[in-house]
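I am attaching a structure below and will ask some questions about it afterwards.
Below, chains carry the letters A, B, ... as their sequence lines are ordered, and counting in each starts from 1.
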Number of protein chains: 2
Amino acid sequence: MTAISNKVINRLTLYHCLLKYTCKGNSFIASSKIADLLDLDDSLVRKDIALCGVLGHKKQGYVVAELKKSIEQKLGFSDRKEVFIIGAGRLGTALIHYADFKDYGIDILALFDNNPNKIGKEEGGKRIISLEKLPNLISRINIKNIILTVPPYAAQEVTDYAVKYGVRFIWNFTPTVLKVPKSVTVYNENVISSFMQMQNSKNK
Amino acid sequence: MTAISNKVINRLTLYHCLLKYTCKGNSFIASSKIADLLDLDDSLVRKDIALCGVLGHKKQGYVVAELKKSIEQKLGFSDRKEVFIIGAGRLGTALIHYADFKDYGIDILALFDNNPNKIGKEEGGKRIISLEKLPNLISRINIKNIILTVPPYAAQEVTDYAVKYGVRFIWNFTPTVLKVPKSVTVYNENVISSFMQMQNSKNK
DNA sequence: CTCTTATTGTGATTTTTTTCACATAATACA
DNA sequence: TGTATTATGTGAAAAAAATCACAATAAGAG
Ligand SMILES: NC(=O)c1ccc[n+]([C@@H]2O[C@H](COP(=O)([O-])OP(=O)(O)OC[C@H]3O[C@@H](n4cnc5c(N)ncnc54)[C@H](O)[C@@H]3O)[C@@H](O)[C@H]2O)c1
Ligand SMILES: NC(=O)c1ccc[n+]([C@@H]2O[C@H](COP(=O)([O-])OP(=O)(O)OC[C@H]3O[C@@H](n4cnc5c(N)ncnc54)[C@H](O)[C@@H]3O)[C@@H](O)[C@H]2O)c1
């Protein structure tokens, strides 16, 4: 199986959302329809779909149910991905309530915090646990992914701690740039950058 | 001034975060340092910086304060951008508390909701206003940007409503693909896609 | 004051991504 | 049954992005 670029992953995920929410009534969909809704070239959409191994039907387009399932398979939406959230503040607790995660195999097991008033409480059915218990739990359950939603000043320190005990993927919602070993992947969810990119589109 | 691609915007924003939080002590920074922290090629970093009109110093690198300011200017961080949030739920209220927005010129004026129990309340010093008042306020204050944080089922309806009264940019945090006229820009903040891209990096 | 070295700035090249263009073929309908 | 139409699938071309390679040169060591 060939590697798949981040750009393709992003588009396929959007096609999936489109099939799940926007076009859920239809049984067929044409590449030109997807392209139109997402402001893409239709041949690009067809090439993306071809990567999922799905064949379309002349004059009809793609079978929605089949395409949706194939995207799920290609991107591994049903593989279970266990995650801890570190930082049970406003953003961390918003994320724990995000219903769609489970449809994509993202299973948030618990929240961690260092605020004694929060520890022991529940959010969205998940426990808020003391950060001290992180090492033990990371290694016992073999957690590789964390969502980082602590204040910027605590981000590096918490990262070092988590990396030390085996975390490999850090979904960084803080506006900091983290120092990590080459073996660790950081994905920076930088909302400021998103906003600026949106504004930039006025040039189109 | 030449157009600037979204990829460049994203990297420049990350350089800015790096200068603001990670390297705030230093007076000089080398392209190789930035490249190392963000896992990029150092010549790419220099080309990005050149776009901001900043000149570096042989054997020393770039002056941090100057580079930071030039990125701010290039990306228009100090231009005021007024925004309404529609959907005063968990995510909408988390965003209103996000302190960094104001440093980047993003000024969230108010939240809108259709839940009578929320209307009239405050969040982060901003009023939660009835959605019915949106048309009047959009046109009176001439708001062009909205942050969309309503449930998926309400997303298209709310979008149509906002677009009708003149909104031009929609920062879409819902997992739906919105139908809008060509004159309107939607930026899809799709967290599922981000997570999948992060996981994909294991192939590197 | 000279030499070594680290770092920039950028042209050339390569790689990746997107768009173009069109042959192919299934469908609907007269 | 035949024909017009509307999609797909994909090679070729173009455009965009990233990497490579290295001359230029300022700083700092000695
Ligand atoms: N609020 C947003 O919408 C938003 C948007 C984008 C980015 N961010 C970033 O996400 C992060 C979280 O934002 P927030 O609004 O949820 O902040 P918050 O202050 O509400 O939450 C931070 C949480 O982290 C906990 N914490 C602090 N230090 C800790 C430590 N050392 N170990 C463990 N937990 C610790 C705090 O007790 C608190 O519960 C921040 O870095 C913020 O800049 C927030
Ligand atoms: N919670 C997260 O972390 C998260 C992450 C990514 C995406 N999202 C998406 O963001 C959106 C908001 O998520 P949330 O967790 O804040 O949900 P929420 O249910 O907490 O908030 C939704 C808010 O929208 C309001 N609302 C409903 N219909 C409305 C309408 N027609 N007009 C105006 N307001 C209306 C509700 O009263 C509520 O206050 C959802 O689409 C969700 O899928 C959420």
Subject >> Expected output: side-chain K74(B) to main-chain G53(B) donor-acceptor under 3.5 Å >> reply: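 No, K74(B) side chain to G53(B) backbone: no donor-acceptor pair under 3.5 Å.
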Original post:
For atom CD of E122(B), is the number of surrounding heavy atoms from other residues, nucleotides or ligands below 6.0 Å larger than 12?
Top reply: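 For E122(B), atom CD is crowded (more than 12 foreign heavy atoms under 6.0 Å).
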**OP:** Please step through ring pair (Phe, Tyr, Trp, His ring centres under 6.0 Å) for the pair W171(B) and F169(B), ending with a clear verdict.
**Re:** CA-CA 7 Å; W171(B) 195 1; F169(B) 296 93; over 10 Å; no
**OP:** Measure the distance from CG on L44(A) to P on dT8(D) and round it to the nearest whole Å.
**Re:** 13 Å
Original post:
If you measure only the distance, is there a donor-acceptor pair under 3.5 Å linking the side chains of Y187(B) and N200(A)?
Top reply: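 Not at all, the side chains of Y187(B) and N200(A) share no donor-acceptor pair under 3.5 Å.
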Original post:
L75(B) and M196(A): which non-hydrogen atoms are nearest, and at how many Å?
Top reply: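 So the two residues come closest at O-SD, 3.8 Å.
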**OP:** Check the side chains of T93(B) and E123(B) for a donor-acceptor pair under 3.5 angstrom, ignoring hydrogens and angles.
**Re:** no
**OP:** If a protein heavy atom is under 4.0 Å from the base, mark B; if only from the sugar-phosphate, S; if neither, -; do that for nucleotides 22-30 of chain D going 5' to 3'.
**Re:** --BBBB---
**OP:** Report which part of the nucleic acid L40(A) touches: base, sugar-phosphate, or nothing (heavy-atom distance under 4.0 Å, all strands).
**Re:** nothing
Subject >> D41(A) CG - dA13(D) C1' separation (whole Å) >> reply: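 Taking CG of D41(A) and C1' of dA13(D), I get 13 Å after rounding.
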Subject >> Identified side-chain hydrogen bond (donor to acceptor under 3.5 Å, both in side chains) partner of H16(B) from the options K69(B), K68(B), E72(B) >> reply: E72(B)
Original post:
Just checking, is any N or O donor in the side chain of Q199(A) or D79(B) under 3.5 Å from an acceptor N or O on the other one?
Top reply: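 Side-chain D/A pair, Q199(A) to D79(B): absent.
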Original post:
Which residue, K7(A) or G61(A), contacts DNA chain D at a nucleotide closer to its 5' end, judged by nearest heavy atom?
Top reply: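 Upstream on the strand: G61(A).
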**OP:** Tell me, please, the opening and closing nucleotides of DNA chain C, 5' to 3', among those with an atom under 4.0 angstrom from a non-hydrogen atom of chain B.
**Re:**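 Listing 5' to 3', DNA chain C meets chain B from dT5(C) to dA12(C).
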Subject >> Spacing of L55(A) atom CG relative to dT10(D) atom C1', expressed in whole Å >> reply: 13 Å
Original post:
Starting at OH of Y62(A) and ending at C1' of dT6(D), how long is that distance when rounded to a whole Å?
Top reply: 13 Å
Original post:
Base, sugar-phosphate, or nothing: which does K47(A) touch, judged by heavy atoms less than 4.0 Å apart?
Top reply: base
Original post:
Out of dT10(D), dA21(D), dT8(D), which nucleotide sits closest to the side chain of A30(A)?
Top reply: dT8(D)
Subject >> Flag for S193(B)-Q197(B): side-chain donor and acceptor within less than 3.5 Å >> reply: yes
